[in-house]
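Numbering of ligands and ligand atoms starts at 1, following listing order.
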Amino acid sequence: MTDPRRALVTGGAGFLGSHLCDALVAEGHNVIAIDNLLTGKASNLDHLRNDARFEFRRLDINQPFDCGEVHYVFHFACPASPVDYMAHGIATLKVGSLGTFHALDVARKYNAKYLVSSTSECYGDPLEHPQKETYWGHVNPIGPRSVYDEAKRFTEATTMAYYRTHKVDTRIARIFNTYGPRMQLNDGRVIPNFMKQALRGEDLTVYGDGSQTRSFCYVSDEIEGLLRLAKSSEHLPVNIGNPTEFTILECAKRVLAVTESKSKLRHEPLPQDDPKQRRPDITKARTLLGWEPKIDLETGLRLSLDYFQKAAEENTISAQR
Ligand code: UDP
């Protein structure tokens with residue numbers, strides 16, 4: 001992707017979508033971001049507004065859409081935190097199905113390269129550990145997380161069908177827990193929750209006994225992996241995540257250390273179907289893309305501290321109004 005070509009990013013006002021827009025503009029592309037702002041925030045793109053190479057349109061991709069010729073389609077539209085996708089279950093299923101068809105139709109019409117954000121949730125509460133791309137997963141198809149898990153599994157199936165049937169030049173990234181600036185403070189995910197609580201001196205809410213594990217990737221590493229995948233010609237899914245695994249208790253301790261907070265831990269009930277363990281096997285990304293994350297959790301939390309500090313202050317002020 002060295003030529004200045006036009007890239008479309010669905011979900012461009014979201015956490016990952018907006019960072020992707022930044023990276024594409026920095027690489028010299030003309031970027032059109034579209035978002036219905038259900039969970040994305042237009043302010044994530046404020047800094048790009050006056051850039052001639054950038055355009056934002058508020059648009060619902062569950063209706064057929066066409067923003068003119070594009071050379072790349074990055075399909076990132078979808079509520080992504082458990083709190084958000086459970087609150088917007090039907091919208092999540094629709095964007096994973098209808099939205100995906102429409103994004104693929106655009107890629108097909110313009111013969112554009114296509115990359116979709118899929119998820120480690122395709123593996124469900126995994127029985128294979130760490131998770132390789134060849135693992136089919138252990139997903140509850142009717143539980144509270146199913147709206148997201150099955151939407152993304154459907155997205156993957158649809159993407160493979162367009163590749164096989166229409167020869168669309170598709171790629172599938174399975175994204176594991178990612179964090180960094182522009183995450184919504186109140187989206188309920190563990191790092192924003194813990195950062196907000198630690199910075200306000202509130203108890204950190206550890207769900208269950210905190211022995212469940214996650215593997216956290218800093219956003220700049222994630223975006224680098226996604227761009228490398230976009231430039232590759234791999235059509236089958238590729239895990240893009242950080243393979244260093246932490247228990248949620250260890251994660252809480254890292255947050256307390258980085259924020260120098262004296263907050264205590266408070267245990268709350270574990271949500272239904274909360275995966276007990278999650279860690280990507282990234283052999284495929286290493287071999288195929290020459291990619292691996294560089295930023296460890298503590299460094300990434302330090303890099304995010306300013307953002308969370310400001311967000312926590314603004315949120316407190318607006319809550320007092
Ligand atoms: N979690 C927690 N306290 C919180 C928020 C989340 O202990 O305040 C736990 C949650 O139960 C899960 C892990 O942290 O085991 C990661 O949750 P998150 O919502 O960030 O995303 P998930 O990986 O489950 O999609």
Residue, atom name and distance, where the atom is the protein heavy atom closest to [atom]:
{"atom": "atom 11 (O) of ligand 1", "result": "Asp274 OD2, 2.6 Å"}
{"atom": "atom 17 (O) of ligand 1", "result": "Val190 CB, 4.1 Å"}
{"atom": "atom 7 (O) of ligand 1", "result": "Tyr207 N, 2.8 Å"}

Check each heavy atom of [X] against ligand 1 and say whether those closer than 4.0 Å belong to the side chain, the backbone, both or neither.
{"X": "Asn177", "value": "side chain"}
{"X": "Ile248", "value": "side chain"}
{"X": "Gln212", "value": "side chain"}
{"X": "Glu268", "value": "neither"}

Evaluate Asn193 for polar contact with ligand 1, using N/O atom pairs at a separation under 3.5 Å. yes
Item to check | Close N or O approach (Leu270, ligand 1; < 3.5 Å) | outcome: no
Residues at least two apart in sequence or cross-chain that pass side-chain hydrogen bond (donor to acceptor under 3.5 Å, both in side chains) with Asp46, listed by chain then number, are none
Between [Y] and [X], do the side chains contain a donor N or O and an acceptor N or O under 3.5 Å apart?
{"X": "Thr100", "Y": "His75", "value": "yes"}
{"X": "Thr205", "Y": "Gln197", "value": "yes"}
{"X": "Asp169", "Y": "Tyr162", "value": "no"}
{"X": "Asn177", "Y": "Arg278", "value": "yes"}

Exactly one candidate in Asp84, Asn44, Asn315 meets side chain to side chain contact (heavy atoms under 4.5 Å, CB included) with Gln184; the answer is Asp84
Please determine whether salt bridge (charged side-chain N to carboxylate O under 4.0 Å, His left out) holds for the pair Glu268 and Arg266, giving the CA-CA distance in whole Å, both sets of side-chain angles, and the decisive distance to 0.1 Å. CA-CA 7 Å; Glu268 291 195 354; Arg266 186 176 80 235; 2.7 Å; yes
| field | Step-by-step salt bridge (charged side-chain N to carboxylate O under 4.0 Å, His left out) determination, Lys152 to Glu156 | value | CA-CA 6 Å; Lys152 287 295 188 183; Glu156 289 198 4; over 6 Å; no
Say whether Gln197 and ligand 1 are in contact under the criterion: heavy-atom distance to a ligand atom below 4.0 Å.
no
Report task. Consider ligand 1: state whether an atom of it lies below 4.0 angstrom from any non-hydrogen atom of Ser81. Result -> no
(Q) Are Tyr72 and His29, when compared by the centres of their aromatic rings, separated by less than 6.0 Å? (A) yes
Among Asp84, Asp149, Val206, Thr205, closest by heavy atom to atom 4 (C) of ligand 1 is Thr205
Of Arg278, Arg145, Arg214, the residue with the heavy atom nearest atom 16 (C) of ligand 1 is Arg214
Numbered in order shown, the ligand 1 atoms found under 4.0 Å of a heavy atom of Glu121 are 25 (O)
